[in-house]
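Every value quoted in this text rests on a predicted model; they were computed, and no experiment measured them.
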Amino acid sequence: MITAVFPGSFDPVTRGHLDLIQRASRLVDHLIVAVMVNTSKQPLFTKDEKVAMIQAEVRDLPNVTVQAAAGLTVDFMTKVDATVLIRGLRNEQDFGYERDIAWMNKSLNDQIETVCLIARPPYAYFSSSLIKEIAKMGADISEYVPTAVAQKLHQRFKA
């Protein structure tokens, strides 16, 4: 049985993330979406809020689970007995970054293989950070995130 982990900060989960989750779920027996901490960013939502948002969106994918995780991704993968790491690539900059991380992860745990999925248009053109910026200004973000996530973003920025 192949277990994979798709890690990210998912702050918030986007339609691009969900597309990758759906596609990755067809490649493995069990996909764990790992809600991680990005130490270089200040999160808008708590881990529990992010887990709940993702769970609501993937409830129809029987082989997908969502978990909060901390520390190194490779350590989490060892804990859950996963051997495949799923990452998404939007552009050339993502490739360079993900290549370096994949090499580091391989040096930390030789059993892990990184599989990169190419983001499909229009998902390749936006990020969670960009979506938060335009949501903060009150713009319509329904094209980029699920309806429930858009509502939570707008509520957060009104507070």
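Side chains of Thr83 and Ile112 form no contact here, defined as non-hydrogen atoms less than 4.5 Å apart. A heavy-atom distance below 4.5 Å is not found between the side chains of Asp75 and Thr73. For the pair Leu31/Ile86, a side-chain contact is recorded, criterion being any heavy-atom separation below 4.5 Å from C-beta on. The closest side-chain heavy-atom distance from Thr147 to Ser142 is not below 4.5 Å. Contact annotation: the side chain of Thr14 approaches that of Ile131 to within less than 4.5 Å [non-hydrogen atoms, C-beta and beyond]. At a threshold of 4.5 Å between non-hydrogen side-chain atoms, the residues Asn109 and Met77 do not count as touching. Contact check for Ser127 versus Arg90: side-chain heavy atoms found under the 4.5 Å cut-off. Looking only at side-chain heavy atoms (C-beta outward), Gln155 and Lys158 stay at 4.5 Å or farther from each other.
Using modelled atom types, one side-chain atom of Asn63 and one backbone atom of Val28 make a donor-acceptor pair closer than 3.5 Å. At least one donor-acceptor pair closer than 3.5 Å links the side chain of Glu49 to the backbone N or O of Thr46. Not a single donor-acceptor pair under 3.5 Å links the side chain of Lys41 to the backbone N or O of Ser9.
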Checklist line | Full working for side chain to side chain contact (heavy atoms under 4.5 Å, CB included) between Val13 and Val145 | finding: CA-CA 7 Å; Val13 66; Val145 296; over 6 Å; no

Notebook entry, point to check: What's the verdict on side chain to side chain contact (heavy atoms under 4.5 Å, CB included) for Lys106 and Thr114, showing C-alpha distance, side-chain angles and the deciding distance?
Noted result: CA-CA 8 Å; Lys106 192 73 168 163; Thr114 300; over 6 Å; no

Next item on the list: Tell me, with the steps shown, if Phe76 and Ile32 meet side chain to side chain contact (heavy atoms under 4.5 Å, CB included).
Entry: CA-CA 11 Å; Phe76 175 74; Ile32 301 169; 4.0 Å; yes

Checklist line | Derivation and outcome, side chain to side chain contact (heavy atoms under 4.5 Å, CB included), residues Cys116 and Arg99 | finding: CA-CA 9 Å; Cys116 294; Arg99 178 202 57 221; over 6 Å; no

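Scanning both residues, Gly88 and Leu20, for their nearest heavy atoms gives CA-CD1, 3.7 Å. Considering all non-hydrogen atoms of both residues, Val5 and Ala82 come closest at CG2-CB, 3.6 Å. Considering every non-hydrogen atom in both Phe10 and Ala34, the closest pair reads CE1-O, 3.5 Å. Taking all atoms of both residues into account, the shortest heavy-atom contact from Phe45 to Pro12 is CE1-CB, 4.0 Å. For the residue pair Ala69 and Lys47, the shortest heavy atom distance occurs at O-NZ, 2.6 Å. Across all their heavy atoms, His154 and Ala139 have their closest contact at CE1-O, 3.2 Å.
Hydrophobic clustering of Ile, Leu, Val, Met, Phe, Trp and Tyr side chains at less than 4.5 Å, counting indirect connections, unites Ile141 with Phe126. No continuous path of ILVMFWY side-chain contacts below 4.5 Å connects Tyr125 to Tyr123, so the two sit in separate hydrophobic clusters. Val51 and Leu44 end up in the same hydrophobic cluster when Ile, Leu, Val, Met, Phe, Trp and Tyr side chains are linked at under 4.5 Å. Connection of Met53 to Leu61 is established within a shared hydrophobic cluster, with ILVMFWY side chains joined at heavy-atom distances below 4.5 Å, either directly or through further cluster members. Val84 is not connected to Val80 by any chain of hydrophobic side-chain contacts under 4.5 Å among Ile, Leu, Val, Met, Phe, Trp and Tyr, and they are in different clusters.
Other residues, nucleotides and ligands place more than 12 heavy atoms under 6.0 Å from the CG atom of Asp29.
Atom-to-atom distance recorded for Lys50:NZ and Met36:CE is 10.5 Å, nearest 0.5 angstrom. One finds the CG atom of Leu27 at 9.5 Å from the CD1 atom of Ile2 (value rounded to the nearest 0.5 Å). Between Gln42 atom CD and Asp11 atom CG the span is 9.0 Å, to the nearest 0.5 Å. Atoms OH and CG, from Tyr97 and Asn91 in turn, are 13.0 Å apart once rounded to the nearest 0.5 Å. The distance from atom OG of Ser25 to atom CD of Gln22, rounded to the nearest 0.5 Å, is 6.0 Å. A distance of 9.0 Å separates CG of Asp100 from CZ of Phe95, quoted to the nearest 0.5 Å.
A salt bridge does not link Asp19 to Arg15: none of the charged nitrogens lies less than 4.0 Å from a carboxylate oxygen.
Side-chain N/O atoms of Asn38 and Ser40 include a donor and acceptor closer than 3.5 Å.
Glu98 is linked by a side-chain hydrogen bond (donor to acceptor under 3.5 Å, both in side chains) to Arg87, counting only residues two or more places apart in sequence or in another chain.
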